[in-house]
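What follows is a single structure, written as structure tokens, with notes after it.
We name chains A, B, ... by the order of the sequence lines, and we start the count at 1 in each one. None of the values given here were measured: they were computed from a predicted structure. The basis for the numbers below is simple: all heavy atoms, side chains too, and nothing from hydrogens, waters or symmetry mates.
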Number of protein chains: 2
Amino acid sequence: MKKPTLKDVARESGVSAITVSRALRTPDAVSEKLRARIDVAIEKLGYVADAAASTLASNRSNIIGVLVPSFSNNVFSDVLAGASRVLEGTKYSLQIGNTGYSALTEEALIPRFLTLKPAGLIVAGIDQTEKSRQMLAQANCPVVQVMDTTPDPIDVIVGFSNEQASFEAVEHMISQGFRRVAFLGTRMDPRTQQRLAGFRAALEKHGLYDEKLLITTPQKSNVAIGRHLLATLLETHPECDAVFCNNDDVAVGAALECQRRHIRVPQQLGICGFNDLGTTSQMYPEITSVYTPRTEVGARAMQYILDRNADQPPPENRTIDLGFDLRIRASTQRH
Amino acid sequence: MKKPTLKDVARESGVSAITVSRALRTPDAVSEKLRARIDVAIEKLGYVADAAASTLASNRSNIIGVLVPSFSNNVFSDVLAGASRVLEGTKYSLQIGNTGYSALTEEALIPRFLTLKPAGLIVAGIDQTEKSRQMLAQANCPVVQVMDTTPDPIDVIVGFSNEQASFEAVEHMISQGFRRVAFLGTRMDPRTQQRLAGFRAALEKHGLYDEKLLITTPQKSNVAIGRHLLATLLETHPECDAVFCNNDDVAVGAALECQRRHIRVPQQLGICGFNDLGTTSQMYPEITSVYTPRTEVGARAMQYILDRNADQPPPENRTIDLGFDLRIRASTQRH
DNA sequence: CTGTTAGCGCCTTCAT
DNA sequence: ATGAAGGCGCTAACAG
């Protein structure tokens with residue numbers, strides 16, 4: 001026995017196929033009586049609409065595409081979690097692409113996602129290629145850039161300023177008396193570069209910037225790398241008195257390395273992380289970090305897409321800055 | 001200007017539409033000469049096949065569905081990463097659903113995924129509802145269950161035995177002289193239940209099982225919860241001499257709580273984690289954990305789906321057990 | 001509010 | 001190896 005189609009439901013309920021279609025998509029446009037009959041028939045036959053057919057006919061699917069740079073990055077899994085929560089109970093579903101932090105991979109993925117006639121698209125950051133920007137700008141659906149900010153989004157952007165967040169964190173460190181602050185950085189993707197820019201701006205403002213204190217690696221970040229970066233720093237620049245890490249994994253690794261070496265935090269070395277993923281606040285001593293609103297960003301981005309699909313007008317301001325929260329803890333408090 | 005269709009490419013290259021279609025899907029069935037002409041036309045027009053139309057006509061899409069219990073669980077993000085790596089450069093893409101650890105949500109998601117005519121489906125574990133099992137068994141595509149093992153998979157299962165892994169870890173702890181071993185557990189999803197079963201079996205074998213030493217919470221796991229569970233344990237059962245944690249976050253939290261309380265590990269308290277996500281091995285002292293082959297599981301599951309879609313026969317054995325690796329470190333070594 | 005007609009763009013089937 | 005005809009299941013556009 002084959003899967004029932006719209007026609008089968010129509011026959012069963014004694015109406016035409018298009019009426020069933022309407023009963024499903026715009027119930028208000030169908031009389032209550034027919035709607036009831038149709039619902040019974042649908043239930044009885046176990047009818048489920050064919051997604052491909054309706055996409056083909058309407059040139060619009062219920063798929064929302066999300067392009068993330070990595071699956072194993074906790075930041076983006078939080079964004080996804082926030083986005084997917086908003087989708088619960090709706091007709092929409094998530095299709096996910098992994099760009100591997102490559103703008104070119106992203107560029108290759110975009111046309112594939114666009115053929116799905118998506119109801120919306122979410123992409124990470126603002127560092128698309130020119131071609132990607134064009135494709136996205138011409139896409140027949142809402143497009144949200146996330147986890148960054150710019151006055152000039154493709155459509156809408158939801159995020160915060162990585163540069164400003166770092167700037168404020170480093171300002172705080174300087175205010176606590178740290179003078180030789182190093183930067184521990186992994187992967188060096190665009191958002192890490194922005195954090196570096198904020199780091200630099202804050203130190204330069206006080207005449208403290210020293211590019212020799214940038215310890216970076218192209219590898220992806222994890223706690224082991226954090227330990228390793230700190231070890232490298234201490235060998236080459238033992239005089240440094242604090243580290244600003246591009247994310248929490250690195251900060252946790254740095255803190256653990258300090259434990260092993262019996263370096264007192266923050267007396268001998270200050271430590272600051274980024275993202276406040278949850279472990280920094282549990283360490284002993286507790287580690288300062290910058291909380292970033294990851295799930296909120298995902299949720300807000302998705303909500304915009306749903307709103308647009310429900311024909312609501314776009315917000316007056318296309319740049320939605322959700323801010324950040326510097327969470328000052330023992331690891332940077334000297335006073 | 002509209003998007004070019006197969007017809008446009010056909011006109012441009014002077015052949016019929018169906019020939020273009022074949023050149024794309026079964027290049028070997030088209031003469032070299034035509035193929036070359038068609039390729040030029042495709043390039044020139046920037047043709048991209050319409051996914052909905054081809055799904056409708058062929059009753060088969062290039063979407064592979066994955067149902068995960070959570071996005072923020074590192075275990076499943078690793079599975080996804082492994083799966084997505086295998087997909088790189090293929091025509092397939094990933095569509096992801098979030099079951100939120102609910103078998104009923106999963107049951108509701110399955111029909112929605114099946115209407116996509118997926119090229120394959122990956123689901124977590126073996127605890128589907130009966131209805132889910134039926135739908136999956138009748139699905140017209142390969143179905144892989146992951147991160148568990150059973151002699152009776154729906155189609156194929158790729159994973160390892162959570163119960164056996166826990167059993168061996170706890171056996172090791174007992175061999176090191178631990179006698180009052182507690183279980184710290186979060187969420188209590190099926191795989192955690194299995195770990196609990198292995199924990200229990202090992203202790204019962206030596207007459208050491210004490211159900212009062214089970215400290216659990218339905219909350220999702222994180223480092224803070226780990227600290228909290230250990231604190232609770234110490235208040236109620238200060239005589240316990242080791243903890244087996246249902247995952248690494250909990251173990252890290254337990255270890256951090258020990259640091260604060262100046263409890264010596266492993267002398268006063270042994271600690272064992274699960275999954276070996278990377279932080280346990282960096283702690284001081286290093287924490288024993290059970291490595292689970294998460295990315296391998298994702299990759300293997302996906303490879304099976306690709307193979308089946310390339311008309312390769314299924315493996316003789318439908319249960320693929322990738323095993324685990326008990327990584328013994330300082331936190332449980334007393335001898 | 002309901003129905004008729006005509007595709008959407010591709011692939012299956014059958015022919016050559 | 002190539003092509004012609006038809007249909008996949010649904011919805012847009014237009015009627016009534």
Expected string for nucleotides 10-16 of chain C under the B/S/- scheme (protein heavy atoms, under 4.0 Å, primed atoms plus P, OP1, OP2 as sugar-phosphate) is BSB----
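The distance between atom CG of B/Leu116 and atom C1' of D/dC8, rounded to the nearest whole Å, is 16 Å. Residue A/Arg60 contributes atom CZ, which lies 18 Å from atom C1' of C/dG9 at whole-angstrom precision. In this entry the distance linking CG of B/Leu56 with P of C/dG9 reads 12 Å, nearest Å. We find that CZ of B/Arg37 is positioned 12 Å from C1' of D/dT2, with the value rounded to whole Å. For B/Lys117 and D/dC8, the NZ to P distance is 12 Å, given to the nearest whole Å. The CG-C1' distance, from A/Asp8 to D/dC10, rounds to 13 Å in whole Å.
Close to D/dT2, at under 4.0 Å from its OP1 or OP2, lies no side-chain N or O of B/Thr19.
Other residues, nucleotides and ligands contribute at most 12 non-hydrogen atoms within 6.0 Å of the CZ atom of A/Arg300. Environment of CD in B/Gln312: crowded, with over 12 heavy atoms of neighbouring residues, nucleotides or ligands closer than 6.0 Å.
Ion pairing between a basic and an acidic side chain is recognised when a charged N comes within 4.0 Å of a carboxylate O; A/Lys117 and B/Asp50 show such pairing. Using a 4.0 Å cut-off between charged side-chain N and carboxylate O, B/Asp28 and B/Arg35 make no salt bridge.
For B/Ser21, the side chain to side chain donor-acceptor pair (under 3.5 Å) partners two or more places apart in sequence, or in a different chain, are B/Arg25.
Note on B/Asp28: nothing from the nucleic acid sits closer than 4.0 angstrom, heavy atoms only.
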Run the side-chain donor-acceptor check on residues 78-89 of chain B: report pairs under 3.5 Å with partners two or more places apart or on a different chain.
unit_1  : atom_1 : unit_2   : atom_2 : d
B/Asp78 : OD2    : B/Arg294 : NE     : 2.8
B/Asp78 : OD2    : B/Arg294 : NH2    : 3.4
B/Ser84 : OG     : A/Asn98  : OD1    : 3.3

